[in-house]
Protein chains: 2
Amino acid sequence: LFLKKIKGKLFVWLQKTKRSCGLFVAEGVKVINEFLEASLQLHHLFTLNTAQELFPNADPLKKTTISSNELEQLSFLTTPQKAIAVFEIPQLNKISNQGLQVALDNVSDPGNLGTIIRLCDWFGIEHLICSENTVDCYNPKVVQATMGSLTRVQITYTPLKKYLKETQLPIFGTFMEGKNIYKTRFPEEGIIIMGNEANGISHEITTVVTHKISIPRFGKLQQTESLNVATATAILLSEFNR
Amino acid sequence: LFLKKIKGKLFVWLQKTKRSCGLFVAEGVKVINEFLEASLQLHHLFTLNTAQELFPNADPLKKTTISSNELEQLSFLTTPQKAIAVFEIPQLNKISNQGLQVALDNVSDPGNLGTIIRLCDWFGIEHLICSENTVDCYNPKVVQATMGSLTRVQITYTPLKKYLKETQLPIFGTFMEGKNIYKTRFPEEGIIIMGNEANGISHEITTVVTHKISIPRFGKLQQTESLNVATATAILLSEFNR
């Protein structure tokens with residue numbers, strides 16, 4: 001019965017693809033344990049009988065054993081793992097207006113968002129700012145792709161233009177006509193804007209960019225259309241940090 | 001009837017995930033036209049009636065109009081595009097043993113291979129060497145992800161260790177204990193090895209690496225497990241080319 005109730009919640013949540021119910025789903029022993037170790041509030045954990053012992057940090061009262069058939073119905077993965085957990089979405093800290101930040105202007109692909117979160121973690125970026133139309137970071141695909149990184153990077157959804165207008169930090173965005181990144185000296189503090197996969201940085205946000213930069217293309221034919229947003233983020237973060 | 005024959009061929013090809021029949025599949029108007037413009041040999045083109053006029057460079061004798069139902073059956077995509085084409089896999093040029101090359105040691109994810117091919121194109125890398133267990137670059141997912149880049153980067157599958165033992169070029173691989181890439185001066189010629197998603201560079205290949213390097217991690221907690229292989233490739237190619 002409880003399982004049915006949760007399932008209902010999950011489906012509602014998936015349909016809205018929004019965080020209105022304040023919960024998110026994580027799957028697999030490793031991923032779930034990463035979240036438990038990061039002290040996220042467990043809402044409920046469903047495990048196969050064989051995987052019961054693999055979660056020493058989970059409150060036993062919040063554990064339910066399910067059959068592999070039930071797991072298959074609950075799972076968002078094509079190949080379900082041994083367990084699926086529902087966590088409460090943590091409260092956000094306030095954004096500190098300092099250091100190096102990454103801001104996403106309507107990034108729509110969960111895989112790209114996941115990769116960018118891992119990159120932020122790797123490069124010690126504590127704040128990732130997302131426009132309100134950026135794909136939800138608690139989308140199951142993002143959660144699976146980022147694994148533990150999701151617990152170490154603060155992600156804030158906010159009206160992006162308003163946020164950028166109020167900051168004192170320099171704002172960097174990549175544009176064809178921008179200054180070669182290999183010839184630019186980057187400050188230690190600033191905001192790097194990354195745009196949507198198909199449309200790049202929106203017109204609205206372009207108006208608040210203070211520094212236009214570009215990643216030079218080295219191919220002879222110069223026909224490559226563009227770099228993937230996640231690989232472009234990797235190159236920029238590497239340049240800012242070197 | 002012809003459609004059935006082709007469909008049979010496609011399925012055989014998909015099952016083997018190998019290039020034994022010498023053909024590969026591309027879908028969508030833009031992608032197909034990129035290959036036509038690159039003068040790849042068209043084997044056959046199937047289009048919806050509405051998309052017929054969109055391929056000015058395709059031999060009319062090799063065009064068949066199909067229904068959207070038939071397209072759905074042929075397509076490898078969850079959302080089929082307006083056309084699907086079968087091309088002949090081009091003959092490979094011999095690998096020139098100079099310049100900067102990227103070599104993949106059992107990269108297994110089609111999305112990662114696709115991203116790496118686009119990166120090679122962007123950074124002017126003409127030769128991508130793949131170990132024989134690296135995912136097939138004519139896998140439909142790779143073809144769709146790379147779009148035109150697949151026509152501009154020479155990709156060769158070869159026994160990797162043998163190839164590396166015979167080259168005179170310096171061989172770079174990333175290892176935890178390697179030298180910080182931001183403190184390394186890179187030559188203009190060399191081979192960059194990228195390893196498998198789960199296991200990194202194999203033991204066998206490690207023995208022929210001449211320069212161990214590393215991408216430093218900047219996070220305070222230093223818990224990020226690793227960078228995705230495609231984003232690591234982006235950072236390395238950026239450093240080699242800067």
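A distance of 12.0 Å separates OG1 of B/T146 from CD1 of B/I116, quoted to the nearest 0.5 Å. In this structure, B/N133 CG and B/S131 OG are separated by 5.5 Å, a value rounded to the nearest 0.5 Å. The structure places CG of A/N106 at 11.0 Å from CD1 of A/I201, a figure rounded to the nearest 0.5 Å.
Scanning residues 185-196 of chain A against chain B with a 4.5 Å heavy-atom cutoff picks out nothing at all. Proximity to chain B at a heavy-atom threshold of 4.5 Å picks out A/N228, A/A230, A/T231, A/A234, A/I235, A/S238, A/E239, A/N241, A/R242 from residues 228-242 of chain A, in numerical order.
The ring pair (Phe, Tyr, Trp, His ring centres under 6.0 Å) check on B/F55 picks up nothing, with sequence neighbours excluded.
Pairs engaging residues 75-84 of chain B under the salt bridge (Lys or Arg N to Asp or Glu O under 4.0 Å) rule: none recorded [sequence neighbours left out].
Using a 4.5 Å cut-off on side-chain heavy atoms (C-beta onward), B/L128 and B/L104 make contact.
Note: B/F35 and B/F24 have perpendicular aromatic rings, judged against thresholds of 30 and 60 degrees for the angle between ring planes.
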*When you look at A/E34 and A/T151, which way does the side-chain hydrogen bond (donor to acceptor under 3.5 Å, both in side chains) test go after all the steps?*
CA-CA 8 Å; A/E34 287 246 26; A/T151 65; 5.4 Å; no
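Judged by distance alone, the side chain of A/Q101 and the main-chain N or O of A/I129 form no donor-acceptor pair under 3.5 Å.
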